[in-house]
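The structure under discussion appears below in the form of structure tokens.
All values below come from the heavy atoms of this structure, side chains included, with hydrogens, waters and symmetry mates left out.
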Amino acid sequence: MNNSYSKINNDYIQNGTTLKIRTVNEPSNSFYQITSQYQVTYEYCSGNHDTDYFNTLILSPLENSLYTISMSQHKQYQVAQGLHYHDFYELMIVLDGNVIHKIGDREYPYGPGSCCLINRNVKHIERINSSCKLLYLDLSIDFINEILTTYRSICFHEEIDVLNQEIFNFINNDIHGITQDAYLDIFPVFQNTKCLASLHKIADNLLNTLLSPKFGASYLIKYLICKLIEYFSQKENYHIFSVPYSLQPDLLLFSRVQHLIEDTNGKIRRKDLETHFHYSANYITKIVKKYTGLSFYNYCLTYLLKKATVLLISTDKPILSIMEDLGFSNHTYFYKIFKAQYGVTPKAYREKYKHSEQ
């Protein structure tokens with residue numbers, strides 16, 4: 001292992017700092033423990049050239065540390081480094097750039113604004129090969145339990161709503177021994193164009209509070225972490241879903257594409273696909289074809305027609321209004337493709353199925 005990183009690991013072990021690292025069974029696996037209730041790590045690198053720098057800022061109530069090495073050294077370390085796992089929950093947030101998150105033997109790409117929550121004892125590693133900024137929140141069981149205990153006496157329904165949603169449910173299930181071979185994939189809704197600004201604001205507040213703590217800082221940090229979880233939990237901001245460790249990376253991409261189609265009502269440009277997912281549009285359309293047998297255009301069209309059936313049954317909106325809401329400007333074309341898909345006109349479909357639903 002590179003001497004610079006060997007020194008970092010030795011520092012953790014010998015000086016009794018927040019993070020403890022020990023090799024388990026073989027050098028390719030390391031087990032991480034934190035001695036503090038929580039730890040915030042900020043990683044940032046200036047570029048992919050050997051002369052660029054990779055920086056790691058580690059902050060906790062016990063101590064703060066900053067390590068800087070060249071990208072050349074970091075690349076050597078990534079080659080030698082194996083997977084690691086830990087006794088805490090880790091929320092990874094991509095503030096800028098791209099990172100490959102390897103979980104077991106599968107690799108998943110994460111771009112700006114995307115995040116994931118890793119369960120305890122899951123072997124994984126992050127691969128960084130370009131300019132990026134990453135924030136990690138490492139949360140111990142004690143810290144989570146303290147938040148959950150505090151919120152048992154809460155007064156506001158809005159707080160209860162967040163506690164009953166995906167992130168706290170995921171962690172709470174694990175604490176109580178409910179087996180879940182999965183992690184949480186957290187990525188922004190297409191219309192949430194301000195997600196990076198929001199994440200940067202919360203990250204800056206967290207880092208500044210830890211770097212210059214004042215009276216009440218402990219409460220402020222808990223508030224900021226809860227605020228972050230609340231932000232992710234709002235449906236208009238982020239999609240959250242549980243990903244089995246066995247899931248193929250291209251199936252994860254397809255799941256994200258499905259959500260994007262819902263976000264945009266099936267109206268999405270190839271350019272937007274590439275910007276949002278950091279894959280070529282051709283590759284994404286191949287993935288859609290693989291799992292649906294349809295071209296991307298026809299898959300979007302199928303989604304729109306399916307949504308039309310829901311609106312026909314669940315609302316009293318005029319058919320013309322439904323058509324326009326879904327982005328169809330040609331009445332004849334809409335009737336034609338609807339009948340080709342369902343065998344009847346929209347009016348006949350409504351008469352048949354709306355009556356049966358009542």
Side-chain angles (χ1 to χ4, degrees), residues 91-101 103 106-117 132 165-167 170 182-200 228-229 231-244 247-311 322-329 334 337 341:
L91 178 62
M92 181 193 77
I93 303 169
V94 183
L95 297 172
D96 188 32
N98 297 280
V99 61
I100 297 296
H101 203 169
I103 301 175
R106 304 185 190 280
E107 295 186 343
Y108 306 91
Y110 280 80
S114 59
C115 321
C116 70
L117 178 63
C132 71
Q165 293 188 38
E166 292 92 340
I167 293 178
F170 180 81
Y183 70 94
L184 288 187
D185 187 57
I186 306 170
F187 67 99
V189 169
F190 183 77
Q191 289 84 356
N192 186 10
T193 57
K194 297 181 179 179
C195 68
L196 285 176
S198 299
L199 294 178
H200 275 279
L228 184 64
I229 292 174
Y231 181 69
F232 289 143
S233 299
Q234 292 172 340
K235 304 299 183 183
E236 66 271 23
N237 292 333
Y238 272 81
H239 294 293
I240 303 177
F241 62 100
S242 181
V243 180
L247 189 74
Q248 293 288 343
D250 60 357
L251 186 52
L252 174 61
L253 175 60
F254 176 65
S255 297
R256 291 177 176 178
V257 170
Q258 287 180 303
H259 283 295
L260 182 64
I261 290 172
E262 293 173 10
D263 291 344
T264 60
N265 232 358
K267 303 297 182 182
I268 182 73
R269 300 175 301 173
R270 289 171 62 90
K271 180 181 178 181
D272 293 329
L273 285 175
E274 294 178 340
T275 301
H276 203 68
F277 294 117
H278 308 282
Y279 284 106
S280 72
N282 286 338
Y283 177 73
I284 296 172
T285 55
K286 286 180 181 179
I287 296 301
V288 171
K289 180 77 171 179
K290 174 181 177 180
Y291 287 104
T292 68
L294 301 171
S295 68
F296 183 76
Y297 174 80
N298 284 332
Y299 182 65
C300 290
L301 199 59
T302 300
Y303 167 80
L304 287 172
L305 293 175
K306 178 63 178 177
K307 189 166 184 179
T309 65
V310 172
L311 294 173
I322 292 176
M323 182 192 80
E324 291 175 347
D325 289 346
L326 295 178
F328 292 97
S329 57
F334 175 71
I337 61 173
Q341 182 76 10

Item to complete: Find out whether Pro109 and Phe277 are in side-chain contact, i.e. whether some heavy atom of one side chain is under 4.5 Å from a heavy atom of the other.
Response: no
Item to complete: Could you give me the CA-CA distance, side-chain angles and deciding distance for Asp185 and Leu252, then say whether side-chain contact (heavy atoms from CB on, under 4.5 Å) is met?
Response: CA-CA 9 Å; Asp185 187 57; Leu252 174 61; 3.8 Å; yes
Discussion item. Suppose we screen for side-chain contact (heavy atoms from CB on, under 4.5 Å). Which residues come up paired with Asn265, at least two apart in sequence or across chains?
Written reply: Tyr303, Leu304, Lys307, Leu326
Worksheet item: Do Leu253 and Tyr291 have side-chain heavy atoms sitting under 4.5 Å apart?
Response: no
Response to the item:
Across all chains, not counting sequence neighbours, the side-chain contact (heavy atoms from CB on, under 4.5 Å) partners of Glu324 are Leu320
Practice prompt. Evaluate the side-chain proximity of Leu117 to Met92: yes if any heavy-atom separation is below 4.5 Å, no if none is.
Written response: no
Practice prompt. Walk me through it: do Ile268 and Phe296 pass the test side-chain contact (heavy atoms from CB on, under 4.5 Å)?
Written response: CA-CA 10 Å; Ile268 182 73; Phe296 183 76; 3.3 Å; yes
Fill in: Sequence-distant partners of His259, ring-ring contact (aromatic ring centres under 6.0 Å, His included), two or more places apart
Phe187, His239, Phe241
Fill in: side-chain contact (heavy atoms from CB on, under 4.5 Å) partner of Asn98, the single match among Cys132, Pro112, Ser114
Pro112
Worksheet entry | Polar side chain donor-acceptor pair, Tyr283 to Asp250, under 3.5 angstrom | no
Discussion item. Evaluate Cys195 against Tyr238 for side-chain contact (heavy atoms from CB on, under 4.5 Å), listing each step before the verdict.
Written reply: CA-CA 9 Å; Cys195 68; Tyr238 272 81; 3.7 Å; yes
Item to complete: Mind checking side-chain contact (heavy atoms from CB on, under 4.5 Å) for Tyr297 and listing every partner two or more places apart, or none if nothing turns up?
Response: Ser295, Leu301, Tyr333
Discussion item. Return the CG to CG distance between Leu196 and Leu95, rounded to the nearest 0.5 Å.
Written reply: 7.5 Å
Worksheet item: Does any N or O in the side chain of His276 come within less than 3.5 Å of the main-chain N or O of Phe190, such that one atom is a donor and the other an acceptor?
Response: no
Discussion item. I'd like to know if the side chain of Glu274 and the backbone of Ala281 have a donor-acceptor N/O pair within less than 3.5 Å.
Written reply: yes
Worksheet item: Cation-pi between Arg256 and Tyr110: NZ/CZ under 6.0 Å from ring centre and within 45° of the ring axis?
Response: yes
Worksheet item: Do Ile93 and Phe232 come close enough that some side-chain heavy atom pair is under 4.5 Å?
Response: yes
Discussion item. Do Leu305 and Ile337 make a side-chain contact, defined as non-hydrogen atoms from C-beta onward lying under 4.5 Å apart?
Written reply: yes
Worksheet item: Can you name the nearest heavy-atom pair linking Gly266 to Cys300, along with the distance?
Response: O-CB, 3.6 Å
Fill in: Verdict with reasoning, Arg270 to Asn282, per side-chain contact (heavy atoms from CB on, under 4.5 Å)
CA-CA 9 Å; Arg270 289 171 62 90; Asn282 286 338; 2.6 Å; yes
Practice prompt. Report the distance from atom OG1 of Thr264 to atom CG of Asp272, rounding to the nearest 0.5 Å.
Written response: 8.5 Å
Item to complete: Specify the closest pair of heavy atoms between Gly111 and Val94, including all atoms of both residues, with the distance to one decimal.
Response: O-CB, 3.3 Å
Worksheet entry | Straight-line distance of Ile240 CD1 to Ile167 CD1, nearest 0.5 Å | 4.0 Å
Worksheet item: How far apart are the closest heavy atoms of Ser242 and Leu184, and which atoms are they?
Response: CA-CD2, 3.9 Å
Worksheet entry | Separation between CD1 of Ile103 and SG of Cys116, rounded to the nearest 0.5 Å | 5.5 Å
Worksheet entry | Approximate separation, where rounding is to 0.5 Å, of Gln191 CD and Leu260 CG | 8.5 Å
Worksheet entry | Any side-chain heavy-atom pair of Val257 and Ile287 under 4.5 Å | no
Worksheet item: In terms of side-chain geometry, is the basic nitrogen of Glu166 or Lys235 positioned less than 4.0 Å from the acidic oxygen of its partner?
Response: yes
Practice prompt. For Lys286, enumerate each residue passing the salt bridge (charged side-chain N to carboxylate O under 4.0 Å, His left out) test, keeping only those at least two apart in sequence or located in another chain.
Written response: none
Fill in: Nearest-0.5 Å distance, OG1 of residue Thr309 to NZ of residue Lys306
4.5 Å
Item to complete: List in chain and number order the residues that pass side-chain contact (heavy atoms from CB on, under 4.5 Å) with Leu294, two or more places apart in sequence or in another chain; answer none if no residue qualifies.
Response: Thr292, Asn298, Tyr299, Thr302
Worksheet item: Taking side chain as C-beta onward, heavy atoms only, is Phe254 less than 4.5 Å from Gln258?
Response: yes
Worksheet item: Is there a side-chain contact between Leu91 and Leu228, using heavy atoms and a 4.5 Å cut-off?
Response: yes
Worksheet item: Going by the angle between their ring planes, with limits at 30° and 60°, are Tyr183 and His101 parallel, tilted or perpendicular?
Response: tilted
